[in-house]
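All figures in this text were calculated on a predicted structure; none of them were measured in a lab. Residue numbering restarts at 1 for every chain, and letters A, B, ... go by the order of the sequence lines.
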Amino acid sequence: AQSVTQLDSHVSVSEGTPVLLRCNYSSSYSPSLFWYVQHPNKGLQLLLKYTSAATLVKGINGFEAEFKKSETSFHLTKPSAHMSDAAEYFCVVSFTGGGNKLTFGTGTQLKVEL
Amino acid sequence: EPEVTQTPSHQVTQMGQEVILRCVPISNHLYFYWYRQILGQKVEFLVSFYNNEISEKSEIFDDQFSVERPDGSNFTLKIRSTKLEDSAMYFCASKEAGARTGELFFGEGSRLTVL
């Protein structure tokens, strides 16, 4: 079975400071991992994905994530937060042979303050 | 940029009524999905559809739910007799053929409110 745990339901940062959103996964097979973002009243937009290539993945809007198999983690980071980054972020896992069924984490609400 | 579109954006219905949520996936995509998100809860998989048949469904997807691709462009989710607990945001997604771990493209969602 596969699962994903997002350790923080809410994260608050000041504009211009680093962002860290934590995610740990569990998968019996080689996982694919994704981060999706959902802005208010909008759909789910892919930020980045890991599919067994480079372990450090760069995404849109300056976000990146590092796949660490030994820690079963896929934390999302950004060096400098912007007000427009305020949104809900979902860590998502699927695995080869899983029919692309995505398993979502519970989400982390990111708040960016002036 | 191609996108997945969903209609309606918001629907209010009475308990027991039938509801059809519509989705137009990206045109060259062959895999289609419905997910839902009950307010305050995580996004949950409902069903996947490929080659004109359901390829996988979750426990949530009981006999009250059905999916259909009535023509070459639309992908619909029907709830036969809505219950209060069906109130949620329903997301349609599609994926192109090829890599099995490819990206899913999501629509903006249809919010269903059952009274």
Side-chain angles (χ1 to χ4, degrees), chain A residues 1-10 23-25 27 29-54 57-60 65 67 74 87-109, chain B residues 1-7 9-10 21 23-26 29-51 53-61 88-111:
Chain A
Q2 59 187 25
S3 66
V4 60
T5 302
Q6 291 184 246
L7 297 159
D8 306 295
S9 59
H10 292 84
C23 172
N24 287 90
Y25 70 91
S27 177
Y29 303 91
S30 298
S32 293
L33 293 154
F34 308 81
W35 276 97
Y36 279 84
V37 60
Q38 185 181 25
H39 287 90
N41 300 314
K42 294 292 185 183
L44 295 157
Q45 181 186 19
L46 181 71
L47 272 182
L48 49 81
K49 64 180 178 182
Y50 165 78
T51 55
S52 77
V57 181
K58 294 187 184 300
I60 61 171
F67 173 71
F74 190 58
E88 184 142 29
Y89 292 79
F90 294 95
C91 184
V92 182
V93 65
S94 73
F95 65 90
T96 303
N100 261 122
K101 184 178 75 174
L102 302 181
T103 299
F104 280 73
T106 50
T108 299
Q109 189 73 42
Chain B
E1 185 178 323
E3 59 182 17
V4 176
T5 57
Q6 291 184 240
T7 54
S9 56
H10 189 193
L21 304 179
C23 170
V24 179
I26 295 173
H29 287 190
L30 297 180
Y31 297 84
F32 312 112
Y33 307 81
W34 284 100
Y35 286 76
R36 79 170 185 191
Q37 184 182 30
I38 295 172
L39 188 64
Q41 299 185 24
K42 65 168 66 178
V43 178
E44 304 171 290
F45 168 78
L46 289 178
V47 66
S48 59
F49 191 87
Y50 171 71
N51 200 26
E53 61 183 22
I54 291 173
S55 47
E56 189 174 359
K57 60 183 181 180
S58 71
E59 293 175 354
I60 304 166
F61 196 87
M89 179 74 91
Y90 289 81
F91 291 104
C92 175
S94 68
K95 185 179 82 73
E96 63 184 330
R100 300 186 69 185
T101 55
E103 172 188 352
L104 266 63
F105 290 80
F106 285 86
E108 293 198 349
S110 292
R111 181 170 298 284

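Top candidate by heavy-atom pairs under 4.5 Å with chain B, chosen from Leu44(A), Thr103(A), Thr106(A), is Leu44(A). Among the candidates Gln37(B), Gln41(B), Glu44(B), Met89(B), the residue making the largest number of heavy-atom pairs closer than 4.5 Å to chain A is Gln37(B).
Residue Leu39(B) qualifies as open at atom CG: its count of foreign heavy atoms under 6.0 Å is 12 or below. Heavy atoms from other residues, nucleotides or ligands lying under 6.0 Å from NZ of Lys57(B) number 12 at most.
Of the possible polar contacts, one joining the Tyr35(B) side chain to the Leu102(A) backbone as a donor-acceptor pair under 3.5 Å is found.
Remark: Phe104(A) CZ to Phe91(B) CZ distance equals 8.0 Å, nearest 0.5 Å.
The part of Gln38(A) that comes within reach of chain B is its side chain, from C-beta onward, which places non-hydrogen atoms under 4.5 angstrom from that chain.
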